Structures are given as C-alpha cells and as structure tokens.
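Only this structure's heavy atoms are used, side chains among them; waters, hydrogens and symmetry mates stay out. In listed order, ligands and their atoms are each counted from 1. From a predicted model like this one, the values you see are computed outputs, not experimental measurements.
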Amino acid sequence: MDFSLTEEQVMFKETARKFAETEIAPLIHQMEETKRTPRELIKKMRDLSFYGIQYSPEYGGIGSTYLEYAMVIEELSRVYCSLGGHISVNCLCAGTINDFGTEEQKKKYLPQLLQGDAVGSFAFTEPSTGSDPGAIRTTCVRDGKDWIINGEKIFITNSSLPGYIVVFCKDVEKDNKITNIIVPKDAKGYSTPKLVEKLGMNGMEVADVILEDVRVPFENTTGGEAGRGKGFTMLTTEIAIGKLGISAECLGMAQGALDEAVKYAKERVQRGKPISNFQTIQWLLGEMSADVEAARYYTYATAYWKSQKKDILFDSARTRLFVSQACHRVVSNAMQVLGAFSYSKEFNVERIFRDMKLAEIYEGVNEIQRVMAAAGILR
Ligand SMILES: Cc1cc2nc3c(=O)[nH]c(=O)nc-3n(C[C@H](O)[C@H](O)[C@H](O)COP(=O)(O)OP(=O)(O)OC[C@H]3O[C@@H](n4cnc5c(N)ncnc54)[C@H](O)[C@@H]3O)c2cc1C
C-alpha cells in the first residue's frame, strides 16, 4: 500500500496543523476551565470544511476520502484531542443519516451537519448499559403521525450544542427492536441538565440527556419505515467508522506527546549534558517513535480500506485496540522523559495523559474490541 501523500492531502494536513497551532492552542486553557467547545472555533472549523471532509458535495461535503478525514483528526488531536473527538462524534450522527437516511433526510439534515451549522450527536449509552445494545430502555411509541420518545441517555458528546441527535430507541410496536430516530435538540422535552464532570477531554462537551415525551414526526425515523428495527446495524456500522476517528485521535495524541518529549530531552540538562544523551531516554524515544509510526500506518490503512468501501467492522476494532494501547504506551513513556514536569500542568503531556484514557473506553471498551478482533479470525 502506497501512502505517498498527494499535494491535496499534504495541503489538508498542513491546513489542519496550522489551524490547530494558531487557533486551537491559544484557547486550550479556556476550554480546560469552562469545559465548553467555543462557538467561534466551530465557526472557524466550518469555514475550513472540517465537518464534511469525506461526504459528497451533493449534501454539503467536500468529497474527499476517509484518509483526509483521518489526517485532519490526527492534526487537531496532536494539539488538542477534544476537538478531534467533537468532529468525530458529529460524523457519527451525519454518517448515520448519510448511510441509512432517506433521500429527503439527507437533503434536509446533511448540509447543516456537514457545514457546521448544526452539531450532531449520537445517543446510545444509558444508565443501565453502554456495551449491550439489547439492554437499552429508551422507548419510541407511535402516536398518529408522530413518535413519542421517553428515556435517559448518558455521556452523550455534543448533546448540549444546538443541532440534531440520532437516538437509539426500543420500538415498542416492533417487538422492542432498535429503531433510530433523528431528533432536533430544541424539541420540547429534550434537555441536558448538566455537563458531565470528567477526567479529561474537557473541550469536548459531554452531557446526560433527558427525553421526556419528546414528540417528533414519524418521518424522522432514520431510513423511513424500512429503517425501523434496523438500529443495531446502524449502530455497529457507524461505530466502526467512529473507531477509525478514535484511532486518528490516538495517533495525534501520541505524536503530540512524542514531539514534546523530544523537545524536552534535547533541552533538559543533567550531569552537564542534555538528557537525550542518556541511553535510557533514547530507548524510550526509540520505542515511542516505533509505536507512533505503527499507529500511523494502521490508522491510514483502515481509512484507506473504508474509502475503498471495504467493510471495516473487524479492522477498525483491531486498529482501535492497537492504536489506543500504543498511544497509552507513548504518552506514559513521554511522562518518564519529562520526569516531574510531566506531572505539572505547565506541560501538555499532563493533559494528554488524562485525555488519552478515554480512547480505551468510549465507543466500546477495549475488552469488546478484543472480543471483536477474535470474532474476526474465528469465523
Ligand atoms: C467522555 C465520554 C463520551 C462519551 N460519548 C458518548 C456518546 O456520544 N454517545 C454514546 O452513546 N455513548 C457515549 N459514551 C459512552 C461510552 O461509549 C460507554 O461508556 C462505553 O461504551 C462503555 O460502556 P459502559 O460504561 O456502560 O461499560 P459497561 O458495559 O458497563 O462495561 C464495564 C466493563 O465490563 C466489561 N464488559 C462489559 N461488557 C463486556 C463484554 N461483552 N465482553 C467483555 N467485557 C465486557 C469491560 O471490562 C468494561 O470495561 C461516552 C463516554 C464517555 C466517558
């Protein structure tokens, strides 16, 4: 597989890197304090088309591939992973409509989601479950031409930002099979009472969602009548793409930690010489660079396969498993290189260490990724 980047891909990567360094970096402190995704950053990312990279121009995207998408997420996450997560989750919502919606739904919702005018969320997790699709309790019941939705979703990314949310519900009329419904976040009965207090990823807004007699037209059923009861397929298909996004987030964080460790190792002097002269530090940096490069090839390969329309269900599970663990190793090693300073908020590595842990948990814990990776070879 040849990953020599085209001129256009190099331009994408450089644009995202420059944007992250000049526009995101100065706002990190503010985001860490307020736990909000600044609206001005959303506007700027909209202007750069970061929300619609891999989608068709017919619906407001720019018609590039998942490789460009992964590169942009990588570059944003190298500086601040919360923004990579924010975009990746918007794509879970947009992707569900793009891949499973009716033509009318694509025309109505995608231009807003792909151009950053509306922010998308994807609501599966509930107080009782995050790993078992059969155990969700949120229900949708038909009432004339409408759905009435009741339930509670927890840990939902972007749910406090205006836009749309695709909600997975038990379809009572259909033997409790899972049906996905597009809900505007300003619908009566939809609320996000408070943001979740979390360890890291502070610039990515995450809130619990209450759905209390939320009434939306029946035509909001993702995929229309034919889409009813197909929620499980929608969930697994879109989460597979989500895991590609998380892999790119991990790659970016690992690269960011490596960059900081290299800089520090060259500057920090012990016993009269930079610590980069110590073989122990070289071992750490050598191992980190091997993990980063492996993570890059694995992530880009999965993005390439997805762009080739290959089913990446098992590939993305394996990739996310490996890349999230590689990222964990790299960031831990970076902490060793920086010594006590890695524990101080003065250096980015402290924050990356907190942000990185989520990648082993969300959109399916790594235990599930192991089960899926095994299922892929035991078939
Ligand atoms: C910051 C953040 C953002 C999130 N954003 C979203 C979002 O936008 N939308 C959304 O729907 N969810 C979101 N989530 C939820 C997340 O996807 C779930 O928390 C995750 O899938 C794990 O579910 P759980 O916590 O219920 O774990 P559980 O299912 O309770 O699992 C707990 C542990 O049990 C073990 N386990 C469980 N099931 C199995 C199994 N089948 N095989 C082997 N071991 C198993 C694992 O060790 C696992 O770690 C977010 C979570 C966080 C923290």
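- The closest heavy-atom contact to atom 1 (C) of ligand 1, among the options I368, V167, L358, V365, comes from L358.
- Within the 4.0 Å cut-off (strictly below), no protein heavy atom is located near atom 36 (N) of ligand 1.
- Considering both main-chain and side-chain atoms, G130 comes within under 3.5 Å of ligand 1 through a nitrogen or oxygen pair.
- With atom 44 (N) of ligand 1 as the reference point, the heavy atom nearest to it among E367, Q369, M201 is part of E367.
- In this structure, atom 10 (C) of ligand 1 is in close contact with the protein, since a protein heavy atom lies within 4.0 Å of it.
- Counting only N and O atoms by type, the side chains of S121 and K185 include a donor and acceptor under 3.5 Å apart.
- Residue S131 places at least one N or O, backbone or side chain, under 3.5 Å from an N or O of ligand 1.
- Within a 4.0 Å radius of atom 53 (C) of ligand 1, the protein contributes one or more non-hydrogen atoms.
- In this structure, the separation between CD on E40 and CE on M45 is 10.5 Å, given to the nearest 0.5 Å.
- Proximity of atom 30 (O) of ligand 1 to the protein is not indicated, since no non-hydrogen protein atom lies closer than 4.0 angstrom.
- No donor-acceptor contact under 3.5 angstrom links the side chains of T129 and E126, judged on distance only.
- E104 and K108 are not joined by a salt bridge, as no carboxylate oxygen comes within less than 4.0 angstrom of a charged side-chain nitrogen.
- The residue among I136, T157, V209 with a heavy atom at the shortest distance from atom 3 (C) of ligand 1 is T157.
- The closest approach between any non-hydrogen atom of S121 and ligand 1 is not below 4.0 Å.
- With respect to atom 12 (N) of ligand 1, the closest heavy atom belonging to the protein is T125 OG1, 2.7 Å.
- Considering backbone and side-chain atoms together, V371 places no N or O closer than 3.5 Å to any N or O of ligand 1.
- Near E363, meaning under 4.0 Å from one of its heavy atoms, ligand 1 places the atoms 17 (O).
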Derivation of the side-chain contact (heavy atoms from CB on, under 4.5 Å) call for T302 and K243 | CA-CA 10 Å; T302 307; K243 283 184 274 196; over 6 Å; no
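- One N or O on the side chain of D132 and one on the backbone of G134 form a donor-acceptor pair closer than 3.5 Å.
- Hydrophobic clustering (ILVMFWY, side-chain heavy atoms < 4.5 Å, transitive): I275 and L285 are in one cluster.
- Within a 4.0 Å radius of atom 25 (O) of ligand 1, the protein contributes no non-hydrogen atoms.
- Looking at Y362 next to ligand 1, no N or O pair under 3.5 Å apart turns up.
- In this structure, the separation between OH on Y55 and CG on D99 is 7.0 Å, given to the nearest 0.5 Å.
- Residue T129 touches ligand 1 through its backbone alone, judged by heavy-atom distances below 4.0 Å.
- The cationic group of R78 does not satisfy the cation-pi geometry with F19, failing either the under 6.0 Å distance to the six-membered ring centre or the 45° limit from the ring axis.
- Considering backbone and side-chain N/O of F155, one or more are found under 3.5 Å from N/O of ligand 1.
- D208 places a side-chain N or O within donor-acceptor distance of the main-chain N or O of F155, the cut-off being under 3.5 Å.
- Here is the list of ligand 1 atoms found below 4.0 Å of a heavy atom in G364: 21 (O).
- Without hydrogens or angle criteria, S49 side chain to G52 main chain gives no donor-acceptor distance under 3.5 Å.
- Formation of a donor-acceptor pair under 3.5 Å by the S191 side chain with backbone atoms of P193 is not found in this model.
- Taking a distance limit of 4.0 Å, we find that atom 6 (C) of ligand 1 is approached by some protein heavy atom.
- Close contacts between ligand 1 and I156 involve ligand atoms 7 (C), 8 (O), 9 (N), 10 (C), 11 (O) [criterion: under 4.0 Å to a heavy atom].
- Of all protein heavy atoms, the one lying nearest to atom 20 (C) of ligand 1 is I361 O, 3.6 Å.
- Partners of Y109 by ring-ring contact (aromatic ring centres under 6.0 Å, His included), not counting sequence neighbours, listed by chain and number: Y164.
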